[in-house]
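Here the structure comes first, spelled out in structure tokens, and everything after it is commentary.
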Amino acid sequence: MSDRLLFLGPPGAGKGTQAQLLAAERNLLHLSTGELLRAEVQAGTELGAEAQAVMTRGELVSDALVLAIVRARLLNHDGGWLLDGFPRNLAQAKALSQLLEELQQPIEHVVLLHLDDGILLQRLLSRGRDDDNEEVIRNRLEVYREQTAPLIALYRQLGLIREVEAEGAVEVVAGRVSQLVGQPL
Ligand code: AP5
Ligand code: MG
């Protein structure tokens, strides 16, 4: 039974969708930095105002800001968790590993979702979030390739990567994820 997971993959691969299902199935805390940032924007906080312009361009919000959000949530939580959309670059991965060492809570699995660019573009365009227009999606993809994809090699070296084909119906992909990270109790 594993209860400390990261979900990694390009924008639109289904990290949020699958993370939510698995978290519900296993009673884990689902931490999506994107969702938390959007909630700050919605609430009109100072932090939200700082994040909004960056998110609209599809760039990464500052490491310090995102780290503070994750740190506060993990420190105040007892039990398993699932991180979605974090870490997103090597600096965040390093900071996370320091935090987890402090908490003595090592990552058990990194679920890597694979999906063709054409399909994820379609999925995002049909959703239509503020940052789901073609130009911004292309930028998010580029940011993913340049800054986030290098984490794959890092976690692979640690033996943590579990690869999932993210094409197909939501429930089918969920079945693959569930199998890959072990059956629920
Ligand atoms: P974030 O919210 O993390 O967005 P993202 O990585 O671009 O990914 P998405 O949430 O768009 O896609 P997803 O993989 O979660 O897929 P989903 O399940 O939603 O980040 C947004 C922004 O916030 C960033 O650009 C950045 O500015 C900032 N940010 C966030 N974290 C940060 C960090 N750590 N550091 C710095 N900045 C950060 O699915 C997509 C769509 O497809 C949905 O409509 C869904 O219903 C549909 N769908 C899902 N699965 C299927 C399926 N199997 N079949 C058909 N449709 C499906
Ligand atoms: Mg998401």
Side-chain angles (χ1 to χ4, degrees), residues 5-24 30-42 45 47-74 81-97 99 110-152 154 163-178:
L5 304 100
L6 302 190
F7 271 48
L8 204 61
K15 300 181 295 294
T17 304
Q18 295 302 328
Q20 197 180 355
L21 290 171
L22 193 69
H30 173 201
L31 264 186
S32 158
T33 44
E35 293 296 334
L36 291 169
L37 289 167
R38 281 185 288 279
E40 295 284 342
V41 172
Q42 200 72 32
T45 64
L47 194 156
E50 192 184 325
Q52 187 171 28
V54 181
M55 292 172 78
T56 309
R57 293 196 304 271
E59 307 285 339
L60 295 185
V61 171
S62 85
D63 294 340
L65 201 157
V66 175
L67 267 165
I69 293 181
V70 173
R71 189 181 173 84
R73 299 276 187 315
L74 287 186
W81 42 257
L82 198 164
L83 301 182
D84 147 22
F86 175 91
R88 218 126 163 159
N89 59 27
L90 287 166
Q92 292 181 13
K94 206 170 153 199
L96 176 65
S97 82
L99 172 63
V110 176
V111 176
L112 173 62
L113 297 175
H114 288 289
L115 194 65
D116 280 354
D117 284 5
I119 303 176
L120 54 87
L121 191 67
Q122 269 173 19
R123 284 190 188 174
L124 294 176
L125 287 174
S126 59
R127 176 177 61 185
R129 205 168 70 193
D130 279 354
D131 56 346
D132 288 339
N133 61 73
E134 192 154 347
E135 196 189 335
V136 176
I137 294 168
R138 294 213 182 276
N139 197 32
R140 282 156 63 198
L141 267 171
E142 201 173 305
V143 168
Y144 173 77
R145 287 205 182 94
E146 284 177 5
Q147 302 194 48
T148 311
L151 301 185
I152 298 168
L154 177 85
E163 303 190 59
V164 179
E165 179 50 62
E167 198 177 340
V170 170
E171 312 75 53
V172 174
V173 180
R176 290 181 197 137
V177 171
S178 199

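Ligands are counted one by one from 1 in listed order, and the atoms in each one are counted from 1 as well.
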Is Q18 near ligand 1, meaning one of its heavy atoms is under 4.0 Å from it? no
Could you see which bit of L124 sits under 4.0 Å from ligand 1, with heavy atoms only: side chain, backbone, both or neither? side chain
Within 6.0 angstrom of Q20 CD, more than 12 heavy atoms from elsewhere: no
Looking at ligand 1, does any of its N/O atoms fall within less than 3.5 Å of an N/O of S32? no
Nitrogen or oxygen of G14 less than 3.5 angstrom from that of ligand 1: yes
Is the closest N or O pair between L37 and ligand 1 shorter than 3.5 Å? no
Heavy-atom distance to atom 24 (C) of ligand 1: which of R88, E171, E167 wins? R88
Best match, M55, R127, E35: closest heavy atom to atom 11 (O) of ligand 1: R127
Close approach of G168 to ligand 1, heavy atoms, under 4.0 angstrom: yes
Report the member of L36, V70, L96, V61 with the shortest heavy-atom distance to atom 36 (C) of ligand 1. V61
List the steps and the verdict of side chain to side chain contact (heavy atoms under 4.5 Å, CB included) for L37 and I69. CA-CA 9 Å; L37 289 167; I69 293 181; 3.8 Å; yes
Could you find the nearest protein heavy atom to atom 10 (O) of ligand 1 and give me its residue, atom name and distance? R129 NH1, 3.2 Å
